[in-house]
Amino acid sequence: MVVPKVISPLVEMSGTRGTLLVLFSALYASAVILGTVNAAPQEIPGFGFARAFGNRIREQIPTGFSIARTFGDTIKDQIDMATRLLEQFEAFIFKYGKSYASTAEKLMRFEIFKDNLKFIDLMNARSDGSVTYGVNSLADMSYEEFKARNRYRGGNRTTDGAERVRRDAPKRWFTGQRTYFDDESGGRLAGNKRSREDFESGGNSSMYAGSFDRGKIGKGGFDLTSPLYPECKDQKTCGSCYAFAVVGAIEILYAKQRRKILDLSEQEIVDCSQPFGNDGCDGGLFNHTLNFIQNRSLTSESQSPYVAKETKKCKRFKGVVSIKNWSSVKGRANMVAALRKGKALLAAVNAGSRAFQVYKKGVMKVPDCDPNGLNHAVVIVGFRLEKGKTIYDVRNSWGTKWGERNGHFQIANNDCGIEMDVVEFDLA
């Protein structure tokens, strides 16, 4: 085996001094990779020779040095473990198309990746088998970065858990004094509430005949395998989940009712809905977003492409779709009835737990998840009944490489507040 030049002077030295230098260098390399030593980026040895260290250590230890041999075996085990972690990280980078601006950033992401792997192992050890955690597209993101993406502003609730809809000042709604009211119209006139005739007129389609793509489980939901089902999008680092949820629900209903695929603009909502109460990448609410779309209509993605940041420019584009008749849906029975009618329900959820970040598949369970701490906007697209529980199928906005079935997750009953802030609407 050819020893990399960076260590060849060490392994070619003879005697105890050379042996100790080899052992120390190998231990240092493995310690850095495993995270037990902190070092500046310029001090960290290259990854490529870690395995070479392990393979040559014992060769440099004279016969009879039993303690040193044991020490060498330990170092070799550490280096083997470190090498496996590096290989996992490189495989992650390749699979998810990651790229980093510098070696320093790559090393930082590697440290985060290792920490997330430990958390994944911990969560899977605690799981009863109904949910699985694993590496996904967010595995190189710190928990602090992950939490910053969740900017739905629905976390305020009355003491009995009833919905509170905010009527706020234009621009930055979270500053200054606020007033609240409890009507079901989402902050609009009572005449905007849906009639029973409107509610019952939802069309049927063989495209949405079953609940999940696993088959006809339950009696409501969308076929996620249909070519007309819109692909989950990725909000990236902008706190625009409210825009993605509303756009996703509109695209789903449009495909169902009009048998056409629309690709609508979340960016227009991010840039232009501040006068209605939203705050760009710092968050927003369903009622503000629906008010904006009803008053202005919504343009296509091609007219206003998503850039995951506020452009500080609001342009008036030709609208291609609008909405009407939106209202709150209160209670599980009403949610299930709406899903049976083919509705896509806007919903808020407390997705602040790190468990959401590393979710892979199954029914999400988060111990002690506060149902009032709503911070993320999603779309409920189906349900099933299982062992006395209502399990919802939920569309997320973290891309197709997160979660199960290309960007979805499952959650039961009112876990993490999924039933607390729910809205339905019609297309205009």
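This structure is a prediction, so every number in the text was calculated from the model and none was measured.
With salt bridges taken as basic N to acidic carboxylate O contacts below 4.0 Å, none links Lys312 and Asp271. Remark: Glu386 does not engage Lys389 in a salt bridge, criterion side-chain N to carboxylate O under 4.0 Å.
Close placement of the Phe356 and Phe409 rings is indicated, their centers lying within 6.0 Å of each other. Between Phe89 and Phe110, the distance from one ring center to the other falls under 6.0 angstrom.
Scored by the side chain to side chain contact (heavy atoms under 4.5 Å, CB included) test, Val131 finds Ser127, Tyr133, Tyr359 as partners (sequence neighbours excluded). The side chain to side chain donor-acceptor pair (under 3.5 Å) test applied to Ser322 returns no partner, not counting sequence neighbours. Applying the side chain to side chain contact (heavy atoms under 4.5 Å, CB included) rule to Leu262 yields the partners Tyr254, Leu264, Val321; only residues at least two apart in sequence or on another chain are considered. With sequence neighbours excluded, the residues that form a side chain to side chain donor-acceptor pair (under 3.5 Å) with Ser142 are Glu145. Asn136 meets the side chain to side chain donor-acceptor pair (under 3.5 Å) test with no other residue; sequence neighbours excluded. Not counting sequence neighbours, the partners of Tyr96 by the ring-ring contact (aromatic ring centres under 6.0 Å, His included) test are Phe92. For Val363, the side chain to side chain contact (heavy atoms under 4.5 Å, CB included) partners at least two apart in sequence or on another chain are Arg384, Ile391, Gln410, Ala412. Not counting sequence neighbours, the partners of Arg332 by the salt bridge (charged side-chain N to carboxylate O under 4.0 Å, His left out) test are Glu419.
Annotation: disulfide (SG to SG under 2.5 Å) contacts involving residues 348-428, sequence neighbours excluded, comprise Cys369-Cys416. Sorted by first then second residue, the salt bridge (Lys or Arg N to Asp or Glu O under 4.0 Å) pairs that include residues 352-362, not counting sequence neighbours, are Asp115-Arg354. Counting only residues at least two apart or on different chains, the salt bridge (Lys or Arg N to Asp or Glu O under 4.0 Å) pairs with a member in residues 231-247 are Arg149-Asp234, Lys233-Glu251, Lys233-Asp263, Lys233-Glu266. For the ring pair (Phe, Tyr, Trp, His ring centres under 6.0 Å) condition, the pairs that include at least one residue of residues 303-324, sequence neighbours left out, are Phe244-Tyr306.
Of the candidates Thr400, Val378, Val381, Val381 is the only one forming a side chain to side chain contact (heavy atoms under 4.5 Å, CB included) with His408.
Under the 30°/60° scheme for interplanar angles, the aromatic rings of Phe276 and Phe292 are found to stand perpendicular.
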Can you list the steps and then say if Glu111 with Lys114 is a salt bridge (Lys or Arg N to Asp or Glu O under 4.0 Å)?
CA-CA 5 Å; Glu111 292 299 316; Lys114 289 188 299 181; 3.1 Å; yes

